[in-house]
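For reference, the structure is listed below as structure tokens.
Indexing begins at 1, ligand by ligand and atom by atom, following the structure's order. Numbers here simply count residues along the sequence, with the first being 1. Note that the structure is predicted; figures quoted are calculated from it, not measured. Only heavy atoms go into these numbers, but all of them, side chains included; no hydrogens, no water, no symmetry mates.
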Amino acid sequence: MSNAVLDEISGLLQKGKAKDIVVVVQKALDDGVPAGDILNKGLISGMNVIGTKFKNGEVFVPEVLVAARAMNHASVILKPALVKAGIKPVGKAIICTVKGDLHDIGKNLVKMMIEGNGIDVIDLGVDVTPEKVVDTVKNSDAKVVCLSALLTTTMLSQKDVIDALKTAGVRDKVKVMVGGAPVTQSYADEIGADAYTPDAASAAEVCRAYY
Ligand code: B1M
């Protein structure tokens, strides 16, 4: 039963059916399907199919965009189930997708999961310059900076942020976490990040441990 609904969600995501997907996701939640399964086995698995087809030239940017829009609509419905209600925030974190990079679905998931761990998140959005991150670190009491990058070209901007934090004399004020599909533990070590995590759930776990 729940596998069928997860396959349906994956299929609707691949077709970019934003209106239909919110109905099916809501129904799945009402029927007691765990939010984590809806996310991982429905939405993310559907997005991975689109990613492979995009790579193989079987679908193009417009199809990917409608799938991404469906993902964002479905995420709004899922959020209350992923974010535990009524937790008193233990502190603040900053999140963004780095300069040159417009991918925000993974970043938004990481944000949701961190919020679900009782941490307020300042979301700077996408294509964010190192200077903007430095300013926000200076003007907030955030203890963690989370940097997402989805392109092999833009992961280099994660290093630029760390370098800018050092130059501004605020590197020690925050822990820097990096992630995104092309990022690895060895890259994180090389650029001097405090943590690399492969997915949103582990990012939230590591982030929570800093408070
Ligand atoms: Co683009 N794209 N894209 N894309 N896109 C990829 C990333 C790509 C792998 C597709 C492919 O070729 N197979 C490829 C990158 C190749 C590379 O560099 N190695 C690619 C490319 C090439 C491009 C363009 C250059 C295409 C073009 O224009 N020719 C262009 C670049 C635009 C730009 O950013 N400047 C582009 C554009 C786009 C769209 C705008 C069409 C759209 C983005 C829409 C949006 O985000 N609002 C898009 C999409 C949707 C994808 C794919 C299909 C899906 C990405 C996604 O959302 N995945 C992607 C292929 C794929 O990944 N299968 C692809 C689902 C999401 C939940 O996963 O973001 O990986 P992800 O996040 C995960 C983890 O990585 C991790 O947690 C998340 C969930 O557990 N994580 C973190 C992420 N951030 C983290 C931070 C952390 C910790 C964990 O700590 C701080």
Side-chain angles (χ1 to χ4, degrees), residues 9-10 13-14 16 18 35-76 78-79 82 93-117 119 121-129 133 142-159 161-162 174-185 187-188 191 193-210:
I9 289 168
S10 169
L13 183 120
Q14 292 168 48
D37 284 356
I38 297 175
L39 178 62
N40 294 312
K41 299 179 188 168
L43 299 173
I44 291 181
S45 98
M47 191 52 98
N48 284 339
V49 175
I50 283 290
T52 305
K53 288 187 173 171
F54 186 44
K55 192 174 166 186
N56 297 337
E58 293 167 47
V59 300
F60 301 95
V61 171
E63 287 95 331
V64 180
L65 274 178
V66 289
R69 193 187 52 164
M71 177 94 174
N72 281 328
H73 277 69
S75 300
V76 172
L78 262 193
K79 185 173 174 175
L82 290 172
I94 297 165
I95 196 165
C96 69
T97 303
V98 293
K99 187 167 187 285
D101 199 322
L102 303 175
H103 296 86
D104 67 355
I105 296 171
K107 185 251 315 158
N108 292 341
L109 287 173
V110 173
K111 175 188 171 187
M112 253 187 242
M113 299 292 281
I114 291 177
E115 285 177 336
N117 276 261
I119 295 155
V121 179
I122 303 169
D123 184 355
L124 300 179
V126 298
D127 191 15
V128 175
T129 61
V133 178
K143 281 179 73 174
V144 179
V145 171
C146 300
L147 304 172
S148 180
L150 262 286
L151 300 170
T152 42
T153 46
T154 59
M155 60 194 270
L156 307 176
S157 300
Q158 294 178 326
K159 179 178 186 306
V161 174
I162 292 173
V174 285
K175 298 288 183 190
V176 178
M177 296 178 58
V178 293
V183 182
T184 59
Q185 181 65 58
Y187 180 68
I191 65 173
D194 295 293
Y196 158 76
T197 52
D199 55 49
S202 54
E205 207 174 296
V206 170
C207 185
R208 182 68 179 81
Y210 287 132

Give me the nearest non-hydrogen protein atom to [atom] as residue plus atom name, then the distance to 0.1 Å.
atom	result
atom 79 (C) of ligand 1	Ala200 N, 3.9 Å
atom 34 (O) of ligand 1	Leu102 N, 2.7 Å
atom 56 (C) of ligand 1	Met47 CG, 4.0 Å
atom 26 (C) of ligand 1	Phe54 CZ, 4.1 Å
atom 6 (C) of ligand 1	His103 NE2, 3.9 Å
atom 19 (N) of ligand 1	Thr152 CG2, 3.5 Å
atom 89 (C) of ligand 1	Thr197 O, 3.4 Å
atom 81 (N) of ligand 1	Gly180 N, 3.6 Å

Taking distance alone, with no angle check, do Asp104 and ligand 1 share an N/O pair under 3.5 Å?
yes
Look only at interatomic distance and state if Lys107 has a nitrogen or oxygen under 3.5 Å from any nitrogen or oxygen of ligand 1.
no
So which heavy atom on [X] is nearest to which on [Y], and how close?
X	Y	answer
Tyr196	Ala188	CB-CB, 3.6 Å
Pro182	Ala149	CD-O, 3.3 Å
Ile50	Val59	O-CG2, 3.9 Å
Ile44	Met71	CG1-CE, 4.0 Å
Ala68	Ile105	CB-CD1, 3.5 Å

Under 4.0 Å from any heavy atom of [X], which atoms of ligand 1 are there?
X	result
Asp101	34 (O)
Cys146	91 (C)
Val64	41 (C), 42 (C), 48 (C), 49 (C), 50 (C), 53 (C)
Pro198	74 (C), 76 (C)
Leu151	15 (C), 18 (O), 20 (C), 21 (C), 23 (C), 31 (C), 33 (C), 34 (O)
Ala203	88 (C)
Asn48	63 (N)
Met177	91 (C)

[X] and ligand 1 - part of the residue with a heavy-atom distance under 4.0 Å:
X	value
Val178	backbone
Ile105	both
Val183	neither

At a 4.0 Å cut-off, with the gap strictly under it, does some heavy atom of Ala67 reach an atom of ligand 1?
no
Below 4.0 angstrom, counting only protein heavy atoms, does anything approach [atom]?
atom	answer
atom 1 (Co) of ligand 1	yes
atom 44 (C) of ligand 1	yes
atom 28 (O) of ligand 1	no
atom 8 (C) of ligand 1	no
atom 17 (C) of ligand 1	yes
atom 84 (N) of ligand 1	yes
atom 52 (C) of ligand 1	no

Hey, is the main chain of [Y] close enough, under 3.5 Å, to the side chain of [X] for a donor-acceptor pair?
X	Y	value
Asp101	His103	yes
Thr154	Ser157	no
Gln158	Leu147	yes
Lys143	Tyr210	yes
Tyr187	Met155	yes
Glu63	Phe54	no

With the threshold set at 4.0 Å, does a side-chain nitrogen-carboxylate oxygen contact exist between Lys111 and Asp123?
yes
Only heavy atoms count here, so choose which of Gly106, Pro62, Gly179, Ala188 is nearest to atom 72 (O) of ligand 1.
Gly106
Relative to atom 75 (O) of ligand 1, which among Ala181, Ala93, Ala68 owns the nearest non-hydrogen atom?
Ala181
Tell me which one of [options] satisfies side-chain contact (heavy atoms from CB on, under 4.5 Å) with [X].
X	options	value
Val176	Val161, Val133, Asp194	Asp194
Val121	Ile114, Ile94, Val110, Val144	Ile114
Asp127	Asp104, Thr97, Val98, Leu102	Leu102

Please determine whether side-chain contact (heavy atoms from CB on, under 4.5 Å) holds for the pair Val128 and Lys99, giving the CA-CA distance in whole Å, both sets of side-chain angles, and the decisive distance to 0.1 Å.
CA-CA 5 Å; Val128 175; Lys99 187 167 187 285; over 6 Å; no
Would you tell me whether Ser202 and Asp199 have side-chain atoms, one donor and one acceptor, within less than 3.5 Å of each other?
yes
